[in-house]
Amino acid sequence: MTRPDGWALALSAILAGAGLTHLAAPGVYEDIVPRVLPGSRVGWTVASGMAELACAGLVAHPATRRAGATVTAVLFVAVFPANIQMAADWRHRSGLDPLIGYARLPIQIPLVLWALHVRRTASIRHPRPTGPGPA
């Protein structure tokens with residue numbers, strides 16, 4: 001039996017938490033959906049939440065971890081325009097909001113690197129031996 005990968009499970013937990021908050025409180029995320037995207041903001045929010053939950057499940061399971069981590073890295077890059085939208089919209093707000101808006105931008109880099117680390121360290125699944133099993 002292999003030892004569980006703590007980095008992968010932590011990434012999976014963060015993805016699950018983010019996905020659940022997208023579904024439980026979509027209004028928090030709707031305002032940062034880039035305006036250039038077609039369709040409803042709630043639709044994009046729900047879709048991104050479901051994508052995060054799917055990635056969480058893929059990363060959590062050793063057999064799908066490598067592929068899940070790859071998709072997660074792509075997802076982190078794909079949602080970056082929402083962080084740009086947030087920074088642009090919050091730049092004239094008062095208090096800590098502008099700082100929070102701008103601070104989210106560089107956070108995507110370690111998230112992408114984390115997903116790629118999980119991908120690199122995930123075991124490559126080898127096919128099971130064929131032939132007769134134990135009698």
Side-chain angles (χ1 to χ4, degrees):
M1 174 171 256
T2 61
R3 185 175 63 105
D5 184 346
W7 286 106
L9 296 179
L11 179 60
S12 177
I14 287 172
L15 286 162
L20 289 173
T21 61
H22 276 71
L23 300 178
V28 173
Y29 298 96
E30 288 174 30
D31 288 341
I32 66 171
V33 172
R35 292 173 193 77
V36 298
L37 292 175
S40 75
R41 290 181 173 193
V42 70
W44 284 104
T45 300
V46 170
S48 65
M50 291 173 59
E52 286 170 327
L53 288 172
C55 286
L58 291 169
V59 169
H61 195 281
T64 56
R65 183 167 292 154
R66 191 170 173 80
T70 303
V71 173
T72 298
V74 171
L75 177 66
F76 286 150
V77 171
V79 300
F80 187 69
N83 293 353
I84 294 171
Q85 184 72 58
M86 182 179 179
D89 290 347
W90 288 23
R91 70 183 182 275
H92 297 299
R93 287 187 176 190
S94 61
L96 291 176
D97 285 355
L99 179 63
I100 293 168
Y102 287 115
R104 286 192 57 171
L105 296 173
I107 289 173
Q108 278 324 98
I109 296 168
L111 289 173
V112 170
L113 294 175
W114 186 359
L116 293 175
H117 169 75
V118 169
R119 181 187 187 282
R120 268 191 320 276
T121 59
S123 11
I124 298 171
R125 189 177 168 127
H126 297 287
R128 294 180 187 255
T130 57

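Fair warning: this is a prediction, and the values are worked out from it, not measured in the lab.
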If hydrophobic clusters are built from ILVMFWY residues whose side chains come within less than 4.5 Å, do [X] and [Y] share one?
| X | Y | answer |
| --- | --- | --- |
| Val77 | Trp114 | yes |
| Ile107 | Phe76 | yes |
| Val79 | Ile100 | no |

Side chain to side chain contact (heavy atoms under 4.5 Å, CB included) assessment of Arg35 paired with Asp89 = CA-CA 11 Å; Arg35 292 173 193 77; Asp89 290 347; 3.0 Å; yes

State the [atom1]-[atom2] distance between [X] and [Y], to the nearest 0.5 angstrom.
| X | Y | atom1 | atom2 | answer |
| --- | --- | --- | --- | --- |
| His22 | Leu20 | NE2 | CG | 11.0 Å |
| Leu37 | Trp44 | CG | CH2 | 5.0 Å |
| Thr70 | Arg65 | OG1 | CZ | 12.5 Å |
| Leu11 | Arg119 | CG | CZ | 14.0 Å |
| Leu105 | Met86 | CG | CE | 9.5 Å |
| Arg120 | Leu116 | CZ | CG | 6.5 Å |

State, to 0.1 Å, how close [X] and [Y] come at their nearest heavy-atom pair, and which atoms those are.
| X | Y | answer |
| --- | --- | --- |
| Asp97 | Trp90 | O-CE3, 3.2 Å |
| Ala115 | Ala73 | CB-N, 3.7 Å |
| Asp31 | Gln85 | O-CG, 4.4 Å |
| Gln108 | Phe80 | CG-CD1, 3.3 Å |
| Cys55 | Val71 | SG-CG1, 3.7 Å |
| Thr72 | Val59 | OG1-CG2, 3.6 Å |

| message | Counting C-beta onward and ignoring hydrogens, is there a side-chain heavy-atom pair between Leu53 and Leu23 closer than 4.5 Å? | response | yes

Would you check if the side chain of Arg91 reaches a backbone N or O of Ala88 as a donor-acceptor pair within less than 3.5 Å?
yes

Table please: side-chain donor-acceptor pairs of residues 12-19 below 3.5 Å, with sequence neighbours left out.
from	atom 1	to	atom 2	distance (Å)
Ser12	OG	Ala56	O	2.7

